[in-house]
Structure formats: structure tokens, C-alpha cells
There are 2 protein chains.
Amino acid sequence: MKKYIPFGFLVLLSSLSLLAQQRPPAISSPDVHADNSVTFRYFSKKAQRVTLSGEFLKAPVSLMKDTSGIWSVTVPNIKPDIYPYSFFVDSVQIADPNNTYIFANERFKRSIVDVPGNTPLVHSLQNVPHGKIHYQYYNAKTLGRTRDLLVYTPPNFDASGKSKYPVLYLIHGGSDTQETWTKVGRANLIADNLIAQGKAKPMIIVMPYGNVRPSPMPDFTKEIVNDIIPFIEANYPVATDSKNRAVAGFSVGGGQTLNIGFTNTDKFGYICSYAPYTATDEFKKNFTDWNPNADLINKQVKKFTISVGTEDFLYESVKQNIAMFQEKKIKVEPLIVSGGHTWMNCKLFLAHSLQEIFK
Amino acid sequence: MKKYIPFGFLVLLSSLSLLAQQRPPAISSPDVHADNSVTFRYFSKKAQRVTLSGEFLKAPVSLMKDTSGIWSVTVPNIKPDIYPYSFFVDSVQIADPNNTYIFANERFKRSIVDVPGNTPLVHSLQNVPHGKIHYQYYNAKTLGRTRDLLVYTPPNFDASGKSKYPVLYLIHGGSDTQETWTKVGRANLIADNLIAQGKAKPMIIVMPYGNVRPSPMPDFTKEIVNDIIPFIEANYPVATDSKNRAVAGFSVGGGQTLNIGFTNTDKFGYICSYAPYTATDEFKKNFTDWNPNADLINKQVKKFTISVGTEDFLYESVKQNIAMFQEKKIKVEPLIVSGGHTWMNCKLFLAHSLQEIFK
């Protein structure tokens, strides 16, 4: 029988060599080291200047080029967390071409780096039972289109209907997507870890896509109440009373959380707003001249928190939001931490909420 | 009662104005028009030259800058499909910052544009029942780590165990990820559409992460057989005989498909290899001096297809693969189409396979 060597190896090698000429070399970036330093690399023979911007840095740092065209810099001693970063190649901002992990966002392309450290963090992948994330389509009737949403189901999820799970509706920030809470915020791993420790109840977390363009934002409040909640209740074994339903969100989603929650206090027993952005027509309409029945609301809403970092660019605004609710006699628990308008803080806020809701 | 106007509007506006100075303006890109032309836009005041590369173009085209720093080009008359594209800003290749849809890949960052056309394509989001994609972790024992995989379940999936579904194991290309078959290949929508038309059987599609580095590639064959198949069979209601199990893959994954399939013909009733890359030690080991029992294999494997485009850089190599199997008297159905080593072709290959398997 004829021996099939080299199976087109020569053709293949010459094709690959052609391909190799077109593609930059495979380089490793980011390289996270055991001492919490990270080496970032970028390949370019033509660039004049390459800098690294990252939320672990106070100011951009320059990468140095070696003779092969590989630019690199090692940043020492990064506090363990997950951070967005990008390169500026001359004046062009880019995600790290060699890093698969991208910040899910509509406006920019940044990469994310996970510095795990030696002690597992609340968002770390740990050796515990894991839940699943379901990607699915639903009929967004209010908006007149088919949309995506993500649904986290907890470890050992019982789909039979024998258990009725509480549900958290969790909304991303302004130019984020329905994937940002898992891809950047690791909501699923935070839930896995806290459930494993008995610190959070097994729950379902629904992560819709909150942006509505060009339609007005109040449509998203209707979308949640009229379309998403019924869809989830028709397709998952969930408890349908308000004490088993929570809403939370970050930034624009934090503002949406206040709008959704306080126009539906009969439906949401827990309202958790993270660094809310409230300079919207909807917020103005709902809360200017607001005359709430505080006694009723304080009975309906078991827990209402507003979280923010002291370096957040919205810090002053959020303090005014908190003061407004206090003035109206609405019981609000402020959670003020250090840090800025970041997803590092989002993860902490979510971890806090998951331990507070459905108790 | 004190009136809370302006709720920190002034603080907010000044903060946002600061933020706005740091961020490029929101622009719309890509804009897909009804006549199948697409406008691509990029903002830069500093760039000297911006070009567009895309798999719908034979050669890069230049964008023109307006006085506000917005570069744009309109490409007419694109054949409806989903295409990868990128910008070159001076010499820097980037994904489109304003496009959320990124090609899931480890080596490059390209965007994808969907030109839907007037007639729904096999991968289009249509008004049919939709399945779900499950993102989950599993214990990859062979590789000694926890890995991700994606599992498509069909519309109206019955989790009770009353129905036993056939399973397709579907593997991505060399620097792709476990998300590429859904994010770029729309495997879920192709399945939804073909199932709705009665052209494909309701099935489960498992999309693992096929890259093994630095370990040798044969470990992935073991990983599929020893870890992934048992994991799926323990967690999903699936039929476990070989006539209800298929393996398919593209490029490096197409080569893996041949290795996995033909070292396990007792386990896979269907083997579908798309533009296989076979210049690997594993392929050489398995198929050099291969002396198969063709009669037995042709009984075990109900359908074996090798698909490739005539402009694929692997075309000559794939033709030799086909000739080798024919020489060994293994029944192989070649599917030769036009086009290159692209995900446009992958979608066609998968659509073809889904109509051929489990019949």
C-alpha cells in the first residue's frame, strides 16, 4: 500500500510560512507571575511608542522594545483583582491582541487581566460546585425586537419545579453589555463561592441587556416588568413574591435599578444600587417632587442599599441621592468604600448584596 | 419638604464633561444599510491613514477623514453573510472600537459585521423557537484543570430524561476559543433554523475549548473521550450509542476531528472535518502507516465528510487527506465549495452536516 508521507506537509509548511509572514509572532501577554507582578507584551516593528494604561496604575507606563520588535513592561506588586487595561500604540488605543479576555463593552475595546494572588478572592474560580450561565433569546415585546439575556442558575440547580428559587435582576453599566457582569464582574463565580460557603442563598441571577437606543430609557423599566420577569417566571422555577425578587445594577444600571425598584416596590423586596448614574430624564421624572409613602415602602422593601467608592466621579452625586432618600424617610443603607467607578468595586458590591438579599 | 433639584446635576455634568474629554465621541460603526452596503467609521484626530481590511474585500480600502476627525468608508454591495474585519490605523491593526461584536480568538482582535440581506440566511436570527447556550465549568481531569465548555440545547429542550438527544461535539480552529462556533459561526442559530424547518434533528451540541498548551495535542483526544463525553452524559439526557454521537471541527479542530474520530470509530457514528489542518505529530502518528479495517470502519461510521473551499490555503493538503482516506478504502464524502479558510464557509459546512447526521 502506498505510504502517505508527507501528506502535503511541504504545501502546508509553505502556506503556513506565508501566513506567518502576515501575522505577528505568538507572544505571551499578559504573563501574571507568582509575586503579583505582571509582564505585558506587544509586538510592533513600526511603533514609535507603546504605553500601558490599566486600572491598577495611577498613570500610564511605557513599554520598551527589544531587537525583535517585542515591546514589554513588567508592573510589580499589583493588588490581586481583575483589572481592565489597554495599550496605546503611538496614539491608538487597543486591546491586547494576545489576550483572549476582552471587556464586554460597546464603546471601547479593553482587555482584562486577572491577578489571583495567594488567597482565593470572592470572584476566584475555586474548587466548589459551579452553576451555569444560560445564553438565550426572548421576545422583548416592549422594545419590539428579540433580545439576548443571560441567566445564572446555581450549582445543583433543580429544574423540576420542586424548588422555587429567588431571583436577582442584575443590570450592567452604560456602554456595557449583558455579558459584562459575568465576563468582567464574575457574578457567576461570586455566587458559586458565596453559595458554597453558605453565605448566599442558591438563587437565579438574570442579566438582561439594559441599553435602549434610540428609544427612551423608561422603556427598559417596562421591559423588565412586562417582558423579562414574565419570561423568567415562565421558563425557570422561581418564587414570584416580592421578597424573593431583587434588582441591582451599576452606573447607568444603578440608576435604572432605582427607577425600576421604586416605581415597583410591590414587586422588588431588595433594591441594590451601585454608583448610580441618575442624570437621566427618567430619574428626574420619578424623583423630582417625589412624595412617597415611606412607611409602606419601608415595609415592602426589606433592604435598600446604595454603594459607591469615595474616588468615584459620581461620589458627590451619589451622596446627594442617599441624602434625598433619607430626607424622604426611605430606609437606605449606604455602603461607602474606597476606589473609583470600577468593576473592581462592582464585584465587592455584588458580593455584599448576595449576602444580604433573600434572608 | 425640600425639593431635591438638581440632584447633583451640576457635579454630574462637570464630571461627565471631564470624562467626555477623555473618551472619543460615540459614533455608529458599522452601519449596515438596506442595499447591503456598509459604512465603517473610526474616530481619530491624530491618525495619518486608516484602512479597512475585511473578508468581504479583495484588498484593504482607505477611510477618508472629515473635519471632526471621523474617518469613514462605505463599501457597496456586500454579499449577505457575517464577516470578520479590522482597521489599520497607521500601522496598528485594531478591532472596531464601536462594534460590540468581536471575533472570539486568542491571537487577534477583529470585529464581525453581519450583512443580513433580504432573504433569511441559514445563520440568521429568525422568528423560530430558540435553543439555549449553556456556559459551564467541568473538571478536565486529563489536563489537570478546570475548563469551560459551551453546550447548545435545542428549542423546547426536555431536561427530564424522557427524551435522549443525539450529541455533536464541535471543535473550533487553532487560535479560536470555545465561543467562536457561536459568536462567529452562529452554530446555535443554524441549529434553531434547521430544526424549525425539520431539516435537522433536535440535538445537543457541545463546544469545548480545544487548545492544549503547552501539553501535547493528543491529550485533547483523551480529554474528549475520557472527560468531556462522560461529563455530558452525566449532566444531559443524551443517547450514548455511536449512531447518536458525532464529531466535527474546523482547521486545527478539523484535524482533531480526524484524530478523535478515527481512533474511536466505535464511539462516533459521524465524522465531519472542515478544512482540516493535519501537519501535526498526532495526525502523523495516527495516519502514517495506517492500516485500517475499512469494512469495519465503514460500518461503524455512518457518514464521513471532509469539506473545504477551493481557495483555502489548505486546499491541496485537504485533497491529499481525501485521497489518503480513499486509498485506504474509507468511504469519505468530499464537500468542495468555493471560498477560503473562512468562517463564512464554516457556517455552510456546519449547516450541511446538521442535515446529514443522526438520520
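Below, read A as the first sequence line, B as the second, and so on, with proteins coming before strands; counting in each chain starts at 1. Both backbone and side-chain heavy atoms feed into the values below; hydrogens, waters and symmetry mates do not.
A/K109 places a side-chain N or O within donor-acceptor distance of the main-chain N or O of B/P97, the cut-off being under 3.5 Å.
For a residue to count as touching a neighbouring chain, one of its non-hydrogen atoms must lie under 4.5 Å from one of that chain's; by this rule A/N139 does not touch chain B. A/H134 touches chain B through backbone and side chain together, each having a heavy atom under 4.5 Å away. For chain A, the nearby part of B/N188 is the side chain; its heavy atoms alone come within less than 4.5 Å. Only the side chain of B/L189 comes within contact range of chain A, with at least one heavy atom under 4.5 Å from a heavy atom of that chain. Within the 4.5 angstrom heavy-atom criterion, no atom of B/F87 approaches chain A. Contacts between A/F325 and chain B at a heavy-atom distance below 4.5 Å are absent for every atom of the residue.
To the nearest 0.5 Å, atoms CD1 (B/I133) and OH (A/Y137) are separated by 6.5 Å. Atoms CD and OG, from A/Q93 and B/S44 in turn, are 11.5 Å apart once rounded to the nearest 0.5 Å. To the nearest 0.5 Å, atom OG1 of residue B/T146 and atom CD of residue A/Q126 are 11.0 Å apart.
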Applying side-chain contact (heavy atoms from CB on, under 4.5 Å), run through A/V92 and B/I94 and close with a yes or a no.
CA-CA 9 Å; A/V92 185; B/I94 61 165; 3.8 Å; yes
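Atom CZ of A/F231 sits in a crowded spot, with more than 12 heavy atoms from other residues, nucleotides or ligands closer than 6.0 Å.
Between chain B and the options A/I102, A/L125, A/N235, heavy-atom pairs under 4.5 Å are most frequent for A/L125. No other option in B/K132, B/Q136, B/E179 has as many heavy-atom pairs under 4.5 Å with chain A as B/K132.
Classified by interplanar angle (parallel below 30°, tilted 30° to 60°, perpendicular above 60°), the ring pair B/Y135/A/Y135 is parallel.
Applying the side-chain contact (heavy atoms from CB on, under 4.5 Å) criterion to B/N105, with sequence neighbours excluded, gives B/F103, B/R107, B/F108, B/S175, B/D176. With sequence neighbours excluded, the residues satisfying side-chain hydrogen bond (donor to acceptor under 3.5 Å, both in side chains) with B/Y209 are B/E106.
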